[in-house]
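Heads up: the structure comes next, in structure tokens.
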2 protein chains.
Amino acid sequence: MDNLQLSNQVCFPIYSASRLITKAYKPFLDEMGITYPQYLVLMVLWENDQLTVNQITEKLLLNTNTISPLLKRMEKFELIKRTRSAEDERSVIVQLTSKGKRLKDKAKPIPEQLLKILLNDNIELSEVLQLKEMLNHWIEILTENNKNKTA
Amino acid sequence: MDNLQLSNQVCFPIYSASRLITKAYKPFLDEMGITYPQYLVLMVLWENDQLTVNQITEKLLLNTNTISPLLKRMEKFELIKRTRSAEDERSVIVQLTSKGKRLKDKAKPIPEQLLKILLNDNIELSEVLQLKEMLNHWIEILTENNKNKTA
DNA sequence: AGCGATTATATCGTACGCGATACAAATGTA
DNA sequence: TACATTTGTATCGCGTACGATATAATCGCT
């Protein structure tokens, strides 16, 4: 078997699926005026009243050089506000504005609608959950692999 | 269950895994002086002597507005050459240069090394293959879903 | 043959991702 | 208490992604 044949790659399907999923989200997120990465930030803030920039990067597995400008855009759209922490002047605390909080209601039906796209076409819910478990295992390994490199 | 909790999302693991995999490739691709998307283009050209821009977009599920500038960069690095088709002046034929062809040898060990990162940490090969099948199914559905939107 | 519709590619603008770097605040240590 | 080190964010530069738009070549139909 030719390892360098595209059809034999596992990574390419992940790469493609990721882009296609973001695209599937788009019509829903467009209505809210946000992008997929911004949606992720909102999700972690709907779960947590306030987070530092660092805490957000840890939850989303992104770096500050991605998150910082992203948060600035979100602040401009008045979805969040950023404040320097009083205890540690280095930290920036991120909180939702009322506009950001209100978006949660609008976002509620999204996960179900995305699932419907997949489930309607004979994909079993169990399969979806299995996929999630497998990928989470991969992420763990790849995150570890990444740490080893920088250490 | 709260559908808007990050941990309950399936799409987030795909998004994260995709980025982490690209990062895992980086040290290998850096040695060749290319990026992951450029590596994908090389792969389809190692399989096919010549392809039009359109044929590449179909194989990689990317649009011309991504591929066009990408190919231009690859041409500047002398990995490929682009020629207008004689039969159809609209089409651009993409072919590997000798430098592009030579890179195939250097790339040969990459898939195995990537797999090793995953398999070393008690992921079964069967699991990898299963994941691939599942994602290909998803990609089919999501591609279809996308077509319906533009139609 | 003439001409509107389609097709193949390219360009523009915006938003990520990320390696490298910068910088101020906090921490550790002699 | 000085001062090197670490930590938390931000900035820069480059390379994707992608919606919208542009343009030339070809096709289809009369």
Side-chain angles (χ1 to χ4, degrees), chain A residues 15-27 29-30 33-41 51-58 60-77 79 82-94 142-143 146 149-151, chain B residues 15-27 29-30 33-41 51-58 60-77 79 82-94 142-143 146 149-151:
Chain A
Y15 164 76
S16 298
S18 175
R19 286 187 302 104
L20 289 168
I21 284 175
T22 305
K23 219 182 259 187
Y25 268 104
K26 192 161 190 307
L29 298 181
D30 273 353
I34 58 173
T35 63
Y36 183 68
Q38 289 172 15
Y39 172 63
L40 294 178
V41 171
L51 293 170
T52 65
V53 172
N54 222 358
Q55 287 171 323
I56 293 176
T57 64
E58 278 165 18
L60 301 186
L61 307 180
L62 288 163
N63 293 324
T64 54
N65 51 8
T66 298
I67 290 291
S68 268
L70 201 157
L71 290 175
K72 275 197 160 178
R73 282 188 290 272
M74 291 180 76
E75 190 176 42
K76 211 169 76 181
F77 298 148
L79 296 168
R82 299 181 307 149
T83 348
R84 285 272 160 195
S85 163
E87 303 96 63
D88 187 338
E89 284 282 338
R90 292 171 303 176
S91 291
V92 169
I93 294 170
V94 180
L142 289 166
T143 307
N146 211 39
K149 223 126 269 167
T150 48
Chain B
Y15 164 77
S16 297
S18 174
R19 286 187 304 102
L20 289 168
I21 284 175
T22 304
K23 219 182 257 186
Y25 268 104
K26 193 162 189 307
L29 299 181
D30 273 352
I34 57 175
T35 64
Y36 183 68
Q38 290 173 13
Y39 173 62
L40 295 178
V41 171
L51 292 170
T52 64
V53 172
N54 221 0
Q55 286 171 324
I56 294 175
T57 64
E58 280 165 19
L60 301 186
L61 308 181
L62 288 164
N63 292 325
T64 55
N65 50 8
T66 298
I67 289 290
S68 269
L70 201 157
L71 291 176
K72 275 196 160 178
R73 281 188 290 272
M74 290 181 76
E75 189 175 42
K76 213 168 75 182
F77 298 147
L79 296 169
R82 298 181 309 149
T83 349
R84 283 273 160 196
S85 163
E87 302 95 64
D88 187 338
E89 284 281 340
R90 290 171 304 178
S91 290
V92 169
I93 294 171
V94 181
L142 289 166
T143 306
N146 210 37
K149 222 126 272 168
T150 49

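Here the structure is a predicted model, which is why all the values come from computation and not from measurement. Just so it is clear: chains get the letters A, B, ... in the order the sequence lines come, proteins before strands, and each one is counted from 1.
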_Under 4.0 Å, counting only non-hydrogen atoms across every strand here, what does A/Asn65 touch: a base, just sugar-phosphate, or nothing?_
base
_Nucleotide of D/dA17, C/dT11, D/dA10 approaching A/Arg82 most closely (side-chain heavy atoms)_ = D/dA10
_Side-chain N,O (A/Thr52) to OP1/OP2 (D/dG8) below 4.0 Å_ = no
_Judged by each residue's nearest nucleotide on DNA chain D, which is more toward the 5′ side, A/Asp88 or B/Phe77?_
A/Asp88
*Could you check whether A/Glu58 gets within reach of a base, just the sugar-phosphate, or nothing at all, counting any heavy atom under 4.0 Å?*
nothing
*Identify whether any heavy atom of A/Thr35 sits under 4.0 Å from a base atom; if not, whether one sits that close to sugar-phosphate; answer base, sugar-phosphate or nothing.*
sugar-phosphate
*asked:* By the 4.0 Å heavy-atom rule, please label B/Ser91 as base, sugar-phosphate, or nothing.
replied: sugar-phosphate
*Does B/Ser85 have any side chain to side chain contact (heavy atoms under 4.5 Å, CB included) partners at least two apart in sequence or in another chain, and if so, which?*
B/Glu87, B/Asp88, B/Ser91, B/Ile93
*Looking at every strand, decide which applies to A/Leu70 at a 4.0 Å heavy-atom threshold: base, sugar-phosphate, or nothing.*
sugar-phosphate
_With a 3.5 Å cut-off and heavy atoms only, can you find an N or O donor on one side and an acceptor on the other between the side chain of A/Arg90 and the base of D/dT9?_
no
*Below 4.0 angstrom from OP1 or OP2 of C/dC16, is there any side-chain N or O of A/Arg73?*
yes
_Short side-chain N/O contact to C/dA8 OP1/OP2 from B/Gln55, under 4.0 Å_ = no
*What pairs with A/Arg73 under salt bridge (Lys or Arg N to Asp or Glu O under 4.0 Å), at least two apart in sequence or on another chain?*
none
*Would you say a side-chain N or O of A/Lys72 is under 4.0 Å from OP1 or OP2 of D/dT11?*
yes
*Between C/dG19, D/dT16, D/dG19, which nucleotide has the shortest distance from any of its atoms to the side chain of B/Lys23?*
C/dG19
